[in-house]
There are 2 protein chains.
Amino acid sequence: MRLTAHERRAKIAEQVQERGSVRLTELLDTFRVTDTSIRRDLQILESAGRLQRIHGGAVASGRALTPNSFNAKTRERPAEKERIGAGAAALVRSGESILLDSGTTVLQVASHLPKVVNGSSLTTVVTSSLAVVRELEYWSSLHLILLGGIVLTEFQATVGPQTIANLRRIQVDKAFIGCDGLGVSHGLTTPHMLIAEVGRVMTEVARQVIVVADSSKLGRVGFTPIVPLTGIHTLVTDTNAPPELVQEIRAAGIEVILV
Amino acid sequence: MRLTAHERRAKIAEQVQERGSVRLTELLDTFRVTDTSIRRDLQILESAGRLQRIHGGAVASGRALTPNSFNAKTRERPAEKERIGAGAAALVRSGESILLDSGTTVLQVASHLPKVVNGSSLTTVVTSSLAVVRELEYWSSLHLILLGGIVLTEFQATVGPQTIANLRRIQVDKAFIGCDGLGVSHGLTTPHMLIAEVGRVMTEVARQVIVVADSSKLGRVGFTPIVPLTGIHTLVTDTNAPPELVQEIRAAGIEVILV
DNA sequence: ATGATATAATACAAAACGTAACATTTTTGG
DNA sequence: CCAAAAATGTTACGTTTTGTATTATATCAT
């Protein structure tokens with residue numbers, strides 16, 4: 001006796017839920033239909049959110065290992081990011097308090113902060129980035145403050161109302177902000193709304209706002225806006241930036257540093 | 001029966017997480033595939049941020065080359081801590097919100113939380129511990145919230161006024177608290193004042209306060225008090241606890257669970 | 001330091017698995 | 001019963017995974 005498609009799907013969903021994962025070959029064996037049908041079932045169950053497909057079968061939803069885009073992004077244009085990070089870090093004066101957001105370019109700022117503090121003064125670093133904390137935690141002369149909030153693993157960042165509330169209680173000399181797109185008309189943009197909100201409040205509590213972005217970000221427009229260009233003071237980017245765009249940005253009153 | 005690539009990678013990631021490190025030869029032996037495949041797995045897992053490759057195998061990311069007192073403490077009485085962690089984690093019900101402090105025993109609670117979520121409910125975990133975040137960040141069905149504050153590297157914890165302010169805005173079902181000393185007269189004690197303060201506020205915002213402490217902590221008095229024994233409800237400790245002390249604690253109205 | 005040995009990177013081919021388009025069968029509702 | 005809809009099967013082609021061979025690199029004992 002052959003099952004209906006619906007019954008078969010129900011059984012598949014149940015099995016995945018119970019055992020955590022199923023193999024396609026094994027389903028093929030128990031239900032005696034072609035692989036195409038099973039694949040379609042898995043496709044349907046996946047779009048219904050009941051499971052996640054993997055090569056060779058399926059796993060219970062939430063159990064799939066998701067490639068962490070943060071690490072991947074760190075490896076994009078590493079040379080430019082490092083130069084930009086070093087250039088931006090050179091703007092920090094001894095004794096200043098700074099704010100670092102959760103971008104991969106900002107992480108390069110953290111790793112290039114001048115570690116030799118002349119005199120006895122030290123710097124306070126406030127950040128929403130778990131990666132920045134990992135980078136700086138063993139630098140003992142530093143006041144390192146992590147903004148709390150919801151942990152976004154794929155951005156290695158904390159976001160949300162707690163983060164905003166924490167930010168509202170402080171004032172810093174400089175904020176280093178990353179972005180996904182930067183243009184005269186659209187301002188700064190980023191792919192995640194909660195990260196955008198954190199970035200925006202950061203610009204509000206800093207006396208100077210410094211944006212770090214490699215030249216591929218210039219002229220690009222991302223998903224959601226952080227702030228208009230009027231909300232920032234300085235841009236550090238690489239020398240591959242199109243001169244006409246740089247001129248436009250400078251005309252808007254932004255100091256542009258090319259490294 | 002042969003595993004799929006995905007399952008194998010999941011198991012490798014899990015093993016690294018649990019044990020701290022793996023050797024390539026050992027993976028080769030357990031999975032019965034060529035070294036090339038294992039190397040590829042490690043490469044994929046590394047770029048996903050789940051581990052760090054080293055010559056001959058891999059180590060858990062974050063735990064590499066950072067010999068600090070936190071890691072050292074993790075290695076004290078590991079068997080007891082693991083049993084206590086598992087016993088305490090079993091108290092968590094599906095859908096509850098819990099609070100985890102920054103102790104090494106509490107970290108064991110985190111790693112033993114029941115990962116198979118039956119039904120659709122999920123758990124919210126709020127913590128002041130960076131180690132807990134590293135432990136749980138890839139468990140995607142979880143709401144993970146990190147309390148902000150000053151980063152104390154040697155305790156892998158956030159402390160201070162921000163942390164306290166963040167805590168005051170929430171209410172949770174259960175709080176899991178670690179300590180350095182526990183006694184009927186002195187209550188809970190710990191070596192660091194700021195950590196003590198965080199612990200105290202945690203006991204205030206939780207409906208049930210569960211202390212996890214191996215038997216060596218019983219009867220001991222640490223530097224600064226967290227709360228008196230009246231501030232807690234349950235103690236999970238190991239079976240080596242002196243019976244007379246256990247009886248005394250029970251007489252004070254505390255539920256004692258021996259594992 | 002210097003081979004000897006173990007471990008790692010790279011390239012390429014084979015096998016397993018997945019996708020998409022289209023043909024065929026089964027089910028469903030009038 | 002019959003047409004429409006749903007489900008299933010077939011085929012051809014693309015992708016991922018795996019294994020083998022080769023070359024490079026790191027570690028260790030002497």
Side-chain angles (χ1 to χ4, degrees), chain A residues 1-16 19-69 71-72 74-76 78-79 154, chain B residues 1-16 19-61 63-67 138:
Chain A
M1 171 65 193
R2 189 115 161 221
L3 296 165
T4 67
H6 190 270
E7 285 174 313
R8 193 181 56 229
R9 281 164 207 158
K11 277 185 195 292
I12 292 172
E14 192 185 339
Q15 200 173 340
V16 170
R19 303 209 337 230
S21 70
V22 280
R23 195 71 43 78
L24 192 119
T25 54
E26 142 194 35
L27 293 172
L28 223 134
D29 215 54
T30 57
F31 294 112
R32 296 270 161 219
V33 289
T34 53
D35 60 326
T36 322
S37 292
I38 298 289
R39 282 181 215 289
R40 265 187 284 248
D41 291 341
L42 295 181
Q43 210 171 343
I44 288 163
L45 289 166
E46 182 173 46
S47 63
R50 302 285 309 260
L51 50 77
Q52 257 173 287
R53 296 185 67 184
I54 56 166
H55 199 93
V59 295
S61 39
R63 285 221 195 170
L65 3 119
T66 50
N68 180 333
S69 59
N71 283 52
T74 311
R75 274 185 271 278
E76 286 170 16
E154 67 163 326
Chain B
M1 172 121 180
R2 189 117 162 220
L3 296 165
T4 66
H6 185 276
E7 285 174 313
R8 193 181 54 232
R9 281 163 207 160
K11 277 184 194 293
I12 293 172
E14 193 184 337
Q15 200 173 341
V16 171
R19 304 211 335 233
S21 69
V22 280
R23 292 193 51 75
L24 191 123
T25 52
E26 140 193 39
L27 293 172
L28 224 134
D29 214 53
T30 56
F31 294 112
R32 296 267 162 223
V33 289
T34 54
D35 60 325
T36 322
S37 291
I38 298 289
R39 281 181 218 290
R40 265 186 286 245
D41 292 342
L42 295 181
Q43 203 176 339
I44 288 165
L45 290 167
E46 182 173 47
S47 66
R50 308 274 312 230
L51 50 77
Q52 253 175 279
R53 294 186 69 184
I54 54 169
H55 196 91
V59 295
S61 47
R63 274 183 244 184
L65 278 175
T66 52
Y138 290 106

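A note on names: the letters A, B, ... follow the listed sequences, proteins ahead of strands, and every chain is numbered from 1.
Counting to the nearest Å, the P atom of dA8(C) and the CG atom of Leu28(B) are 10 Å from each other. Rounded to a whole Å, the CD atom of Glu7(A) is 17 Å from the P atom of dT26(C). Here dT16(D) presents its P atom at 16 Å from CG of Asp41(B), a figure rounded to the nearest Å. Between Ile54(A) atom CD1 and dT17(D) atom C1' there is a gap of 13 Å when expressed in whole angstrom units. Protein atom CD of Gln43(A) is 18 Å distant from nucleotide atom P of dC17(C), rounded to whole Å. Rounded to an integer number of Å, the gap from Ile44(B) CD1 to dT17(D) P is 6 Å. Protein atom CZ of Arg9(B) is 10 Å distant from nucleotide atom C1' of dT18(D), rounded to whole Å. Distance, Leu27(A) CG to dG18(C) P: 11 Å, rounded to whole Å.
Ranked by how close their nearest DNA chain C nucleotide is to the 5' end, Gly57(B) and Arg53(A) are led by Gly57(B).
Proximity of a side-chain donor or acceptor of His6(B) to a complementary backbone N or O of Ala58(A) within less than 3.5 Å is not detected.
Residue Arg19(A) places its CZ atom among more than 12 non-hydrogen atoms of other residues, nucleotides or ligands, all under 6.0 Å distant. Around the CZ atom of Arg9(A), the shell of radius 6.0 Å holds more than 12 heavy atoms that belong to other residues, nucleotides or ligands.
Residue Ala5(B) has its side chain nearest to dT17(D) when only dT7(C), dG19(D), dT17(D) are considered. Among the nucleotides dG19(D), dT8(D), dT17(D), the one closest to any side-chain atom of Ser37(B) is dG19(D). You'll find that the side chain of Arg39(B) is closest to dT7(C), out of dT7(C), dC17(C), dG18(C).
Among the heavy atoms of the strands lying under 4.0 Å from Thr36(B) is at least one base atom, whether or not backbone atoms are also near. Nucleic acid contact for Leu42(B): none, since no nucleic acid atom lies under 4.0 Å from a heavy atom of the residue.
Distances shorter than 4.0 Å separate none of the side-chain N or O atoms of Arg40(A) from OP1 or OP2 on dG18(C).
In this structure, Phe31(B) and Asp41(B) have side chains that are not in contact, with every pair of non-hydrogen atoms separated by 4.5 Å or more. When side chains are defined from C-beta on, Val16(A) does not count as touching Leu45(A), because their heavy atoms never get closer than 4.5 Å.
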